[in-house]
Amino acid sequence: MWVILWTDGLVWLLCVALLLYVGYCLVDAHRRTPWRRVFSQRSAVIAAVVLLAFALIGLLDSLHYRAQLSTTSAEQRYSGEVRSALDWLLPHLRERNEKTYSAPLATHSFMRETIDLADGGVRRVFVRLRYGGAHLADPSQVWTDVVQRAGAGLIAAILGWCVVGLYVRTWYARMPQIKLRTAWCTIGVLSALCVPVLFLSTHYHVFGTDKVGQDVLYLALKSVRTSLAIGTLATLVMLPLGVVLGMMAGYFRGWVDDVIQYLYTTLNSIPGVLLIAATVLMMQVYIDTHPSLFPTAAQRADLRLLFLCMILGLTNWTGLARLLRGETLKLSTLDYIQAAHAFGVSHPRILLRHLLPNVMHLVIISLVMDFSGLVLAEAVLSYVGVGVDPSTTSFGTMINAARLEMAREPMVWWPLATVFIAMFVLVLSANLFADAVRDGFDPRLRHAPSD
Amino acid sequence: MHRQTDMRVPILRVQGVCTEIDTDNGVIRPVDGVDLALYAGETLALVGESGCGKSMTALTLMRLLPESARIAAGEIHFAGCELVQLPEAQMRRLRGRRIAMIFQEPASALNPVLTIGAQIGEVLQRHCALRGASLRERVLSLLVDVGIPDPQTRIDAFPFQLSGGLKQRAMIALALAADPEILIADEPSTALDVTLQAQLLDLLRELQQARGMAMLLITHDLGVVAQMAHRVALMYAGQIVEVATREAFFSKPHHPYARQLFAALPTLDKRGRDLRVIPGQVPGLDQPFVGCRFAERCAWKQADCALIAPALREVEDERWVRCVLNAVPEDPPGQSDLALVNASIDLPMRAATPLVKVRALVVHFPIRGGLLRRPRSWVRAVDGVSFDLWRGRTLALVGESGSGKTTVGLAILRLLSQARGQIYFDTTEISQLRSRAMRAYRRRMQIIFQDPYASLNPRMQVGDLLLEGMTALGVAAHSIDRAQRVRKLLDQVGIAQSAVSRYPHEFSGGQRQRIAIARALAVEPALIVCDEPTSALDVSVQAQILNLLRDLQQRLGLTYLFITHNLAVVDYLAHDVAVMYQGRIVEQGTTAAVLHEPQHPYTQRLLAAVPRIEQTASRR
C-alpha cells in the first residue's frame, strides 16, 4: 500500500513544478540564456551533478509504502512500518543490524563481549560480527576481500560510465556552451567512489554501525531526504510570503510599506530559535494528545518535520522580502513602469507583468543561496533538540548522538565523520551552485548588447 | 596662437596606437591605429559619436586601461620617453605630475570619505613634496585658481557637501595640483547644465592659457568643440578620420563623415526641412575591416571604397583626412531636392481652443521625517505653472535640470499624486477625475522618455509592449485588428516586422526610441509628452528621431509637449517655447520671439551660455 506523507507530496509537487520551469525555460530563449551562462561554468556543472545525486537519493526515499503482511487472507493487512523505495533497493543496509557499535569494515565487534565457555568460565573477547565480514572463513583475509570487492565495483563503475559516455556524446553537438565533458567526468568520479562502496556494503558495514547496530551508511542516506525536505519545503513557505510582501511594500509604498516593514522588523527582533522551539513544542503536545490521528509513527514524525519546515520558512522570509522591496522600489521609478501607468494598466498587472519578471533573478539567486543555510539550520536545531522527531533520521540527530560517542574511550568517531563528509559535500555543492547561479543571473555581469 | 606651434616639436606624439580588449565574444579593438600630435599650449578636441573609441584613447594615453585591455601596437612619445614600454613605477610618477586627467562624473571621481583639501594635498605630497602649512597654502591657492568661492571653508568640505559644478571645479584643482603639462579632459561638462557648462569651459580655457598647458578635450558636442578647440580630431570606429584646425573644420569639413554629421545637426535654418540622416550605425569593432570603415554610410561612396582602406594623409596644410576624395565634396546628389519639398509645410495655425489648458499647476513633494513620517518641509518642484497646448503644434518646455520640466510633463499625464491645479483637456477638467473616468483620457495622451534603455521592459517582447496599451485601454477590440495595428505601427516608425517577437535588448538606442514612439502611438493619442527624447542619442540618431517626430506630427496632426534642454532642437522643431526656472515659467511665446528676442534675464543668460557652432568665427 502506498503511503503519501505530507512532505512526500510537497517534495514531489516541487519536483513537478521544477520540471515545468525547466520546460518553460527551454522554449523561451530569454529565460534560457542565464541558465546557459550558469552551466558554462565548470564548478556549477560539478555542483549540479552532485546535487542531482543527492536529490535522487532523497526522491527515492520519498516514495513510501507499507508492506503487505499476508497475501493469502481475504482481509488485507499491512505492516505498521512505513518503508521507502530506498529501503527496498538497499534491503541489506536496513536489515542487517549488529548488536552495537562496530568500526568501519570491521569483522569483529568494537567492544569485548563476555561469553560463557564450555567449562563454565567466562572470557571477554572481540566476537565476530553477525553480518560484517561474516562470509569470510578467515577474518585475517579481510583486506584482500575488501580490495577484490572494491576492484570489482570500480570495474563495474567504469563500464557503466562508458555506457553513459556514449549517450552523453550525442549531446555535445547540441549544447556546445554547456560543459558536458565536466559533467561526464564528475559522474565518473562519483560512480568510482560510490559503486565500490555499494559493492562492499553487501558484506561489510563500510562506515561502521551505531549504538544500536544500525549501519551508519544507511542512516546517512536516510538523512539526505530530511535535509533536502527541509531545504526545499522551507523555501516553499518563505517564497510566497517574501515575494508578495516584499514587492507590495516596494510598489505601493506609503502605509502598506510601513505595515510590512513593521511586521518584518518585529519578526526579526524575536530570536528565531525561541520561536521555533515554542512552535515545535506546541506541535509535540498536539501530536501527543491526538494519537488517533496518526496511524503510524512515520506519519507522526513527518508532521513534525512539516511543521519545522513551515516555521523555518516563516522566520526566514524577511531577508527575501527586504531584498525585493529595495529592488521593487528602484524598478518602480523606471520609465517603463511610468509608461504602463500612462496606459492605465492595473496594479496587479504591473506587479505581475512588469515587476515580477524583472526581480525573478533575485528570487532564484536567494532561493539557491538559502538552501544550504536551511540544511545547516536543521542540523543545529536537531542537535539542540527542537528539530525533527527523534525517530526521524537526520544529520542533526546523528550529530546529537555523536556528542556521547565522542566522549567515549575508545572514541567512536565514524558516525560523526560520515555526517561530516555527507554534509560537507552537500552544503559545499549547494554553495558552489548558488555562486554560479548568482554570477549567471547578475545583470551587472552581463555584457551590454552591441549597438 | 597655434600658428606658431607648428614649427615646434609636439610634446605628445602618438603613432599607430592599437588597443585591444578581450571579451567573451572575441577581441575588440576600440582604438585601431591612432596617430595624434599635441603641441604645448593648444587644445586638441577629440570628437566622435559614442562607441568610437574616444575615451579608450584617453585611457590608453594614461595607461589606465581595464584589466582585460592591452596596448597591442604603437608608440606614445612624451618628454623623451616612450610611454608604452615605460615601467609601471615610472608611469605612475608621470601620471598626475605631468599628464593629468579629469573625468565626466565628478561625483564618482572624488573619494567621498576624504575632504577636498586632503585629496588635493595627497597629490601635492606625492609629486611636490610639500608638507604642513605650505601644503595647505598651495591647496588654497589652487582652489582660488579654479574659482571655488570661500576656499577657507571649502577646503575642509567633503565632496557630498559641494554642488555638481563645485565638485567638477574641485576635480580640476586636483588634476592641476602638480602643474601638469598635459590635461586630458574626458567629457568634462557633459554632466553639467548649460550655464554651469559655460562657466566651466571658460575656466578651463583661462587655466590653459595661463599655464600654457596642452589640453586633449574629449567630447561629442560640436558646440563645445567650436568654442574650445584650436585643432579638431574627428574619430570614427577606432580611427582618426580627419584632423584640421577649428576654422577649417567648421567652415569646410572634408571627410564625408564630418560633412554628414554637420548636416544631421538640427539648426534654425533647417527648420521645416528633414534633417539629413546618416544611414546605418557605427560598425562593431570586433570584426576585421577591409576598406573604408565609413563606406557603408557614406553618401559619396565610390566603387573601390569597400575594398581599399584609405590612409590618413595630408590633403592640404595642417589638414589630414582618411578618405580617397581629394577635394571637399559637393552635396551628394538627390538629397537637397527632397528637403525643399517639405519646406513648405510648416506652422499650423492656432485653433480656436487649445487642446490642453494648464492653469496654476503646483507640485510640491514632501520631505518626511520623524516617527509618524509627517511632512517636515516641501520641495517646490513646480510652483504655479500655466500654459496652453495648441492642436498640431509643438510646445518646447526649456530649462536646466531641476527646473521642474519633467515634473510638469508627468503631472499633465496624471502620473503624480502630488499635483494640484487645473488641467483642461478639450475643455474637460481632468485633474480630479477618478482612475476609471481617466481611462478615456489616457488614450488621448502618451509619453516618450529620455532613456531608451529604461523605458522598455527588458522582459517583454516588442509585440507585447505595443499590445499592452491597446489591451489596457481597449483599443481595437479584436485580436486580429490588434496584430494588424502592431504591424502598421512598426511600419510607421521604420522598424522591421520581425521585431514583434524580439526583445528590446536586441535593438540599438535609436531603434528602441522608435519602438517607444510606436508604443505611445498604439493608443492613437492626440498629445505626446516627449521628455528629452533625443538627449541620450548620438547626433546622427537624433536626426532620425527628430525627422520621425516631425513626420508623424504632420501626418497625424499630433500635439507635442517637448521637454528639452537642447536649444538647437527647439530652434529646429518647436513652434512655441516656455522657459522654466525654479519651478516657474519665466517666459513663453513663439519660438522666434523667445529664442531670438529674449526678454527675461534668465532666458538671456541661458541663451548666452549655449555653445554654438555659428559663433565660431566671432570668437578668438
Side-chain angles (χ1 to χ4, degrees), chain A residues 24-25 27-34 36-37 40-41 177 252-259 261-262 330-363 439-441 443 445-451, chain B residues 23-25 28 50-51 281-282 284-286 372-373 410 413-415 435-436 438-443 445-461 464-465 468-473 503-512 516 519-520 522-523 525 529 531 538 541:
Chain A
Y24 186 52
C25 285
V27 291
D28 190 341
H30 205 63
R31 293 186 177 79
R32 204 164 48 209
T33 31
R36 187 176 291 159
R37 256 196 313 266
S40 65
Q41 299 171 56
Q177 301 97 333
F252 291 108
R253 305 182 190 200
W255 66 268
V256 181
D257 188 19
D258 288 347
V259 168
Q261 276 199 69
Y262 279 127
K330 195 182 85 192
L331 287 178
S332 59
T333 60
L334 282 187
D335 290 345
Y336 62 83
I337 305 294
Q338 294 272 24
H341 283 304
F343 283 124
V345 180
S346 63
H347 291 314
R349 212 175 145 76
I350 288 182
L351 280 168
L352 268 181
R353 290 262 298 185
H354 289 280
L355 289 171
L356 186 61
N358 283 299
V359 298
M360 212 53 204
H361 65 283
L362 286 181
V363 175
D439 289 351
F441 278 79
L445 296 176
R446 249 177 252 173
H447 296 285
S450 52
D451 277 0
Chain B
T23 66
D24 287 354
N25 307 322
I28 62 170
S50 56
Q281 46 192 324
V282 181
L285 295 171
D286 52 348
L372 293 172
R373 318 261 257 122
L410 295 178
L413 294 176
R414 294 273 325 270
L415 293 175
S435 63
R436 190 171 294 272
M438 188 60 208
R439 284 166 67 90
Y441 292 93
R442 292 237 176 266
R443 275 194 64 168
M445 30 194 208
Q446 274 306 312
I447 183 162
I448 306 168
F449 297 95
Q450 170 178 7
D451 184 358
Y453 292 87
S455 62
L456 303 176
N457 186 343
R459 305 280 167 153
M460 279 167 86
Q461 294 176 347
D464 294 335
L465 283 168
E468 174 156 61
M470 295 191 231
T471 332
L473 296 176
Y503 287 91
H505 72 87
E506 296 170 58
F507 297 91
S508 70
Q511 287 172 321
R512 287 187 200 205
R519 178 179 61 183
V523 292
V529 176
D531 187 0
D538 278 318
V541 183

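Here is the naming used below: chain letters follow the sequence lines, and residue numbers restart at 1 for every chain. Just so you know, these numbers use all the heavy atoms, side chains as well, and skip hydrogens, waters and symmetry mates.
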Subject >> Residue pair B:A454 / A:L334: nearest heavy atoms and the distance that separates them >> reply: CB-CD2, 4.1 Å

Subject >> Test side-chain contact (heavy atoms from CB on, under 4.5 Å) applied to A:P357 - qualifying residues, sequence neighbours left out >> reply: B:R459

**OP:** With a 4.5 angstrom heavy-atom cut-off, could you sort out which part of B:R519 is near chain A: side chain, backbone, both or neither?
**Re:** both

Original post:
What residues form a side chain to side chain donor-acceptor pair (under 3.5 Å) with A:Q338, not counting sequence neighbours?
Top reply: none

Original post:
Within a strict 4.5 Å, meaning less than it, do heavy atoms of the B:M470 and A:F343 side chains meet?
Top reply: no

Original post:
Between B:E468 and A:A340, which heavy-atom pair has the shortest distance, and what is it?
Top reply: OE1-CB, 4.4 Å

Original post:
For the candidates B:P458, B:S435, B:A516, B:S50, which exhibits the highest count of non-hydrogen atom pairs separated by less than 4.5 Å from chain A?
Top reply: B:P458

Subject >> Leading residue by heavy atom contact count with chain B [cutoff under 4.5 Å; candidates A:D335, A:L331, A:I337] >> reply: A:D335

Original post:
Which residue out of B:P525, B:A472, B:S455 racks up the most heavy-atom pairs below 4.5 Å with chain A?
Top reply: B:S455

**OP:** Heavy-atom pairs under 4.5 Å with chain A are the metric here; pick the option from B:I447, B:L413, B:D464, B:L456 that has the most.
**Re:** B:L456

Subject >> Toward chain A, the part of B:L410 with a non-hydrogen atom under 4.5 Å >> reply: side chain

Subject >> Spacing of B:M460 atom CE and A:N358 atom CG [to the nearest 0.5 Å] >> reply: 10.0 Å

Original post:
Between A:H341 and B:R442, does a side-chain contact (heavy atoms from CB on, under 4.5 Å) hold up when you go through it step by step?
Top reply: CA-CA 9 Å; A:H341 283 304; B:R442 292 237 176 266; 5.8 Å; no

Original post:
Out of curiosity, A:L355 CG to B:N457 CG, how far, rounded to the nearest 0.5 Å?
Top reply: 8.5 Å

